[in-house]
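Because the structure is predicted, anything quoted here is derived from the model rather than measured.
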Amino acid sequence: MSTVISGLADIADHYDAFLIDQFGVLRDGRGAYPGAAETLVRLKDQGKHIIILSNSGKRSAENDRRFVDLGFLAGSWDWFLTSGEVAWQILKKEGAQASGLPSKCLLISRDEDLSPMTGLDLERTASGADADFVLLAGSEGDVLPLSHYEALLAPAARRGVPCLCTNPDKVMLTKSGTAFAAGRIAELYEELGGTVRWIGKPFADIYDFALDFLGRPDPSRVCAIGDSIEHDIAGATSAGLGSALVTTGILEHASAEERQKLFAEHGATPDFILPKFLW
């Protein structure tokens with residue numbers, strides 16, 4: 001059973017560190033939520049360790065810069081850890097060949113972002129017909145139909161080309177509302193017969209990186225805050241962390257009954273529910 005709280009002040013003393021999702025908690029597709037930047041500063045002033053933990057295919061430094069541009073105070077978080085950063089670090093450490101991934105890469109990203117493969121020994125291709133692997137880092141589902149990605153990816157899927165999805169989110173928040181995200185494209189790739197390795201919440205790699213950075217604390221003293229039951233709450237549950245569901249973001253219009261169904265579907269119930277990321 002989840003406990004409904006009015007703000008973070010109700011639980012701040014229970015935890016030493018917080019893993020905070022960005023989209024749907026701190027911001028949406030238009031910008032920062034009112035009071036979110038101030039609340040983040042308030043939490044940091046309490047001496048808490050803070051990692052912004054995001055299913056973004058962009059690398060950490062790209063998100064750091066963007067967050068400051070949105071009005072968040074630099075230094076009010078310890079690390080902006082993205083699934084894209086985790087994937088890049090894994091590829092850098094293992095190497096494409098060691099990962100079983102040859103070097104010709106079909107990169108699918110947002111805003112022509114090349115950071116997912118910058119600094120790696122990879123050759124970019126624009127065609128699924130000659131790709132050795134697919135690096136799926138982002139979606140432009142707000143401007144391109146799913147059929148565009150089906151046409152691009154079907155030749156690779158037919159050839160059994162592996163796909164690395166660095167953003168498992170199925171839905172994203174944009175300036176004009178919600179749209180399908182990279183995780184939905186990865187699902188499509190599986191539907192086309194391809195195989196996908198998933199990096200990001202709720203999968204273990206990103207939590208291992210976060211907990212290593214924090215010095216492997218007692219998991220019960222770490223709280224993950226997010227708006228997605230499938231990603232944030234399920235990931236926290238699997239990692240043995242505390243969790244708080246914010247009812248902004250993708251569940252803004254969901255009823256309590258609908259949330260309960262999702263808890264059961266994903267086998268994950270948050271410890272706390274709060275209406276907004278406010279102190």
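- With sequence neighbours excluded, the residues forming a side-chain contact (heavy atoms from CB on, under 4.5 Å) with Glu258 are Ala254, Ser255, listed by chain and number.
- To the nearest 0.5 Å, the span separating CG on Asp169 from CZ on Phe180 amounts to 14.0 Å.
- No more than 12 heavy atoms of other residues, nucleotides or ligands lie within 6.0 Å of NZ in Lys276, so this atom counts as exposed by the packing criterion.
- Taking all atoms of both residues into account, the shortest heavy-atom contact from Ala210 to Leu19 is CB-CD2, 4.2 Å.
- By the side chain to side chain donor-acceptor pair (under 3.5 Å) test, Asn63 pairs with Gln22, Ser56, Arg66, sequence neighbours left out.
- Distance check: Leu251 CG to Leu262 CG gives 6.5 Å after rounding to the nearest 0.5 Å.
- Here the straight-line distance linking atom CG of Leu188 with atom CG of Leu146 works out to 5.0 Å at 0.5 Å rounding.
- There is no path of hydrophobic side-chain contacts, each under 4.5 Å, that joins Val171 to Leu144.
- Counting only residues at least two apart or in different chains, side chain to side chain donor-acceptor pair (under 3.5 Å) contacts with residues 199-211 comprise Asp21-Lys201, Lys201-Asp232, Asp208-Arg216.
- Between the Trp88 side chain and the Thr118 main chain, a donor and an acceptor come within less than 3.5 Å of each other.
- The salt bridge (Lys or Arg N to Asp or Glu O under 4.0 Å) check on Arg110 picks up Asp142, with sequence neighbours excluded.
- Linking ILVMFWY side-chain heavy atoms closer than 4.5 Å, directly or via other members, places Ile225 and Trp77 in a single hydrophobic cluster.
- Sequence neighbours left out, not one pair with a member in residues 148-164 passes side chain to side chain donor-acceptor pair (under 3.5 Å).
- Counting only residues at least two apart or on different chains, the ring pair (Phe, Tyr, Trp, His ring centres under 6.0 Å) pairs with a member in residues 9-31 are Tyr15-Phe18.
- Between the CG atom of Leu274 and the CD1 atom of Ile5 there is a distance of 4.5 Å, given to the nearest 0.5 Å.
- Between Ser139 and Ala181, the shortest heavy-atom distance links the atoms CB-C, 3.6 Å.
- Summarising the geometry of Thr39 relative to Leu8, their closest heavy-atom pair is CG2-CD1, 3.8 Å, with the distance given to 0.1 Å.
- Residues Leu211 and Pro219 have side chains not in contact (no heavy-atom distance under 4.5 Å, counting atoms from C-beta outward).
- Residues satisfying the side-chain contact (heavy atoms from CB on, under 4.5 Å) criterion with Thr125, sequence neighbours excluded, are Lys104, Leu106, Ser127, Asp130, Ala131.
- Leu73 pairs by the side-chain contact (heavy atoms from CB on, under 4.5 Å) definition with Val41, Ser76, not counting sequence neighbours.
- Val222 and Trp79 fall within the same hydrophobic cluster, where Ile, Leu, Val, Met, Phe, Trp and Tyr residues are linked whenever their side-chain heavy atoms come under 4.5 Å apart, directly or through other members.
- Although no hydrogens or angles enter the test, the distance criterion places no donor-acceptor pair under 3.5 Å between the side chain of Thr166 and the main chain of Ser83.
- In this structure, Ala182 and Cys165 approach most closely via the heavy-atom pair O-SG, 4.2 Å.
- Between Ser60 and Asp64, the side chains place no donor N or O within less than 3.5 Å of an acceptor N or O (distance only, hydrogens not considered).
- Using a 4.5 Å cut-off on side-chain heavy atoms (C-beta onward), Asp10 and Phe272 make no contact.
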Practice problem: Mind running side-chain contact (heavy atoms from CB on, under 4.5 Å) on Phe209 and Leu81 for me, showing each step along the way? | Solution: CA-CA 8 Å; Phe209 271 69; Leu81 178 59; 3.8 Å; yes
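- The closest side-chain heavy-atom distance from Glu62 to Asp111 is not below 4.5 Å.
- With hydrophobic clusters built from ILVMFWY side chains whose heavy atoms lie under 4.5 angstrom apart, Ile20 does not share a cluster with Ile51.
- Looking at His49 and Phe213, their side chains never come closer than 4.5 Å, going by heavy atoms from C-beta outward.
- Connectivity analysis of hydrophobic side chains (ILVMFWY, heavy atoms under 4.5 Å, direct or indirect) links Met1 to nothing; its cluster partners are none.
- Take Ala36 and apply the side-chain contact (heavy atoms from CB on, under 4.5 Å) test, not counting sequence neighbours, and it matches Leu26, Tyr33, Phe72, Phe277.
- Nearest approach of Ile52 to Phe67, heavy atoms of both residues: CD1-CE2, 3.5 Å.
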Self-check item: Test salt bridge (charged side-chain N to carboxylate O under 4.0 Å, His left out) applied to Glu85 and Lys92, step by step
Solution: CA-CA 10 Å; Glu85 182 69 30; Lys92 183 68 172 180; over 6 Å; no
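- Note that CZ of Phe80 and NZ of Lys58 are 11.5 Å apart. Values are rounded to the nearest 0.5 Å.
- Residues Pro116 and Leu107 are in side-chain contact: their nearest non-hydrogen atoms beyond the backbone lie under 4.5 Å apart.
- For the atom pair Cys105 SG and Glu123 CD, the distance stands at 10.0 Å (nearest 0.5 Å).
- Both Ile185 and Leu192 are part of a single hydrophobic cluster, where members link through side-chain heavy atoms under 4.5 Å apart.
- Minimum interatomic distance between Thr269 and Ser243 (heavy atoms only, all atoms of both residues): O-OG, 4.2 Å.
- Residues Asp78 and Lys44 have side chains in contact (heavy-atom distance under 4.5 Å, counting atoms from C-beta outward).
- Applying the side chain to side chain donor-acceptor pair (under 3.5 Å) test to Glu112 and every residue at least two apart in sequence or in another chain returns nothing.
- Taking the side chain as every heavy atom from C-beta outward, Phe263 and Leu245 approach each other to under 4.5 Å.
- For Asn167, there are no side chain to side chain donor-acceptor pair (under 3.5 Å) partners at least two apart in sequence or on another chain.
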Quiz item: Could you walk me through whether Arg197 and Ile199 pass the side-chain contact (heavy atoms from CB on, under 4.5 Å) check?
Solution: CA-CA 7 Å; Arg197 178 181 177 184; Ile199 302 291; 3.8 Å; yes
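- By the 4.5 Å heavy-atom criterion applied to side chains, Ile250 and Met172 are not counted as neighbours.
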